[in-house]
There are 2 protein chains.
Amino acid sequence: MTDTPVIRLLLADDQALVRGALSALLGLEPDLEVVAEVGSGDAVVPAVLEHRPDVALLDVEMPGIDGIAATAEVRRAAPDTRVLIVTTFGRPGYLRRALQAGAAGFVVKDTPAAQLADAVRRVHRGLRVVDPTLAADSLVAGESPLTARETDVLRAARDGSSVATIAGRLFLSEGTVRNHLSSAIGKTGATNRAEAVLTAEGNGWL
Amino acid sequence: MTDTPVIRLLLADDQALVRGALSALLGLEPDLEVVAEVGSGDAVVPAVLEHRPDVALLDVEMPGIDGIAATAEVRRAAPDTRVLIVTTFGRPGYLRRALQAGAAGFVVKDTPAAQLADAVRRVHRGLRVVDPTLAADSLVAGESPLTARETDVLRAARDGSSVATIAGRLFLSEGTVRNHLSSAIGKTGATNRAEAVLTAEGNGWL
DNA sequence: ACCTGACCATGACAGCTGTCACGGGTCGGC
DNA sequence: GCCGACCCGTGACAGCTGTCATGGTCAGGT
């Protein structure tokens, strides 16, 4: 640990405008330097290996692999790089899964802009940064009660497909699909397939 | 044209981080100056009246009134202020409705960051700025084929409510709701209520 | 006056959906 | 080994959904 005063950053966000804007915002801080920007989850690990940033700021929703899977890969490929998730949706399941994947921090995009640089510095110092209200939500919402198969079926039902279509896509019997759906509906407290999809999505279970 | 060299801007976006980041990005340009930032649609017009910006950058999705309705109000309250829509979702219906409401430009958030300042300058000079690929989509998608009532019913069906619930909420008979839904399903080319909701939302018809 | 289109409603009907009961299979833990 | 949790399947059934036919009102255009 010598006196390297500059924290090197990587930005990953699919919206180029937001990416550039965040870069401009963080570039105003004298102790921060953006060394790489990528627009997809697949490009995160190669960029990390090439530029060796101190902190990687990842969005969750991205083309390719999502930010949570990218977090796990970054942890494995470059353990010295700390990951800070910066996302639009403060879904409880996202926070939980991100932390389990090894993220050091989790910030929602409607936090004040001045706070972001501070979050980056805390993460770099080895501290955890978590939105407090979101952490509470995460506790009450808990882990996903859905089994792997129920998640698959519910995910396939997101686009409004019929039972027959889902069954064909997942190579299952229609009755099985109906059973999984029924179980998922019960577990989510919904009365409906569409409702179940919405609450599961809202909790970050899909 | 050697008049006022500085273009005064207003930023409206519900995500504070994005707002601040855009402010930082645009603040780097010597001929641009952000004079106001707001986080809700309701706050747009008062801020415009107070600060009299040359260009207002509005997001579509915001708490309070949305960016399109805000556009119309800005045009009415301060005709000298030009409006540039900056949004996440490039939905064809958004573009059409924004232009009809009097917006001078429409930019999607995954355009390159360097292009935004240019778009602001073009809008300020009185030019129209529209994403070309989006404009093509807007032409093929066309205006919403849904009647007012069909839109109401479909909007009430977004959260997965049953026919009975929708009927109660809209003070209609269940049969009427089913008819409107059926008509909307036919017009959207869907086979399903959920599918109809998705395609209608994707086209910006809700 | 006529027609068109949007709106509301009723009733009927096939088909899809959600639920339940039941059976069989695998796998890991006690 | 037994048990539980998960997975897959079948069959049956009530209830909801989507469609259609029919009929009425009302505004706008010809």
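Numbers restart at 1 for each chain; the letters A, B, ... are given by sequence-line order, proteins then strands.
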Within this structure, what is the CD-to-P distance between B:Glu174 and D:dT19, rounded to whole angstrom?
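Spelled out: CD on B:Glu174 to P on D:dT19 is 17 Å.
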Within this structure, what is the CZ-to-C1' distance between B:Arg149 and C:dA9, rounded to whole angstrom?
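Checked: the CZ to C1' distance equals 13 Å.
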Run the numbers on B:Thr111 and B:Leu116 for side-chain contact (heavy atoms from CB on, under 4.5 Å), then give the verdict.
CA-CA 8 Å; B:Thr111 50; B:Leu116 180 63; over 6 Å; no
Inter- and intrachain pairs under side-chain hydrogen bond (donor to acceptor under 3.5 Å, both in side chains), touching residues 76-86 of chain A, at least two apart:
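side-chain hydrogen bond (donor to acceptor under 3.5 Å, both in side chains) check on residues 76-86 of chain A returns no pairs.
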Pairs touching residues 191-206 of chain A that satisfy salt bridge (Lys or Arg N to Asp or Glu O under 4.0 Å), sequence neighbours left out:
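Matches after skipping sequence neighbours: A:Arg158-A:Glu201.
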Where each residue is assigned the nucleotide of DNA chain D containing its nearest heavy atom, which of A:Leu172 and A:Lys187 is assigned the position nearer the 5′ end?
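The answer here is A:Lys187.
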Within this structure, what is the CG-CG distance for the pair B:Leu9 and B:Leu84, rounded to the nearest 0.5 Å?
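CG of B:Leu84 is found 9.5 Å from CG of B:Leu9.
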So, using side-chain contact (heavy atoms from CB on, under 4.5 Å) as the criterion, who are the partners of B:Thr87 when residues are at least two apart?
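Partners of B:Thr87 by the side-chain contact (heavy atoms from CB on, under 4.5 Å) criterion, ordered by chain and then number, come out as B:Asp59, B:Val60, B:Glu61, B:Ile85, B:Phe106.
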Using side-chain contact (heavy atoms from CB on, under 4.5 Å) as the criterion, list what pairs up with B:Thr151, not counting sequence neighbours.
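Per chain and number, B:Thr151 pairs via side-chain contact (heavy atoms from CB on, under 4.5 Å) with B:Leu146, B:Arg155, B:Leu206.
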Using modelled atom types and a 3.5 Å cut-off, is there a donor and acceptor pairing between side-chain atoms of A:Lys187 and backbone atoms of A:Pro145?
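Here the side-chain-to-backbone pair exists.
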Using a cut-off of strictly less than 4.0 Å, decide whether B:His180 has a side-chain nitrogen or oxygen near OP1 or OP2 of C:dC7.
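It does not, given that no N or O in the side chain of B:His180 lies less than 4.0 Å from OP1 or OP2 of C:dC7.
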Quick check on C:dC7: is either OP1 or OP2 less than 4.0 Å from any side-chain nitrogen or oxygen of B:Thr176?
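Answer is no, no contact under 4.0 Å.
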Which one, C:dC8, D:dT10, D:dC7, comes nearest to the side chain of A:Ala148?
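Taking heavy atoms from C-beta onward, the closest nucleotide is D:dC7.
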Would you list the protein and nucleotides 15-20 of chain C atom pairs, both N or O, that sit under 3.5 Å from each other?
unit_1 : atom_1 : unit_2   : atom_2 : d
C:dT17 : OP1    : A:Val163 : N      : 3.4
C:dT17 : O5'    : A:Arg193 : NH2    : 3.0
C:dG18 : OP1    : A:Arg193 : N      : 3.2
C:dG18 : OP2    : A:Arg193 : NE     : 3.1
C:dG18 : OP2    : A:Arg193 : NH2    : 2.8
C:dG18 : N7     : A:Arg178 : NE     : 3.4
C:dT19 : OP2    : A:Ser182 : OG     : 2.7
C:dC20 : N4     : A:Asn179 : OD1    : 2.9

Do any of residues 150-158 of chain A sit with a heavy atom less than 4.0 Å from DNA chain C, and if so which?
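Within residues 150-158 of chain A, no residue comes under 4.0 Å of DNA chain C.
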A quick test of your reading: do over 12 heavy atoms of other residues, nucleotides or ligands sit less than 6.0 Å from CZ of A:Arg122?
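Open: at most 12 neighbouring heavy atoms sit under 6.0 Å from CZ of A:Arg122.
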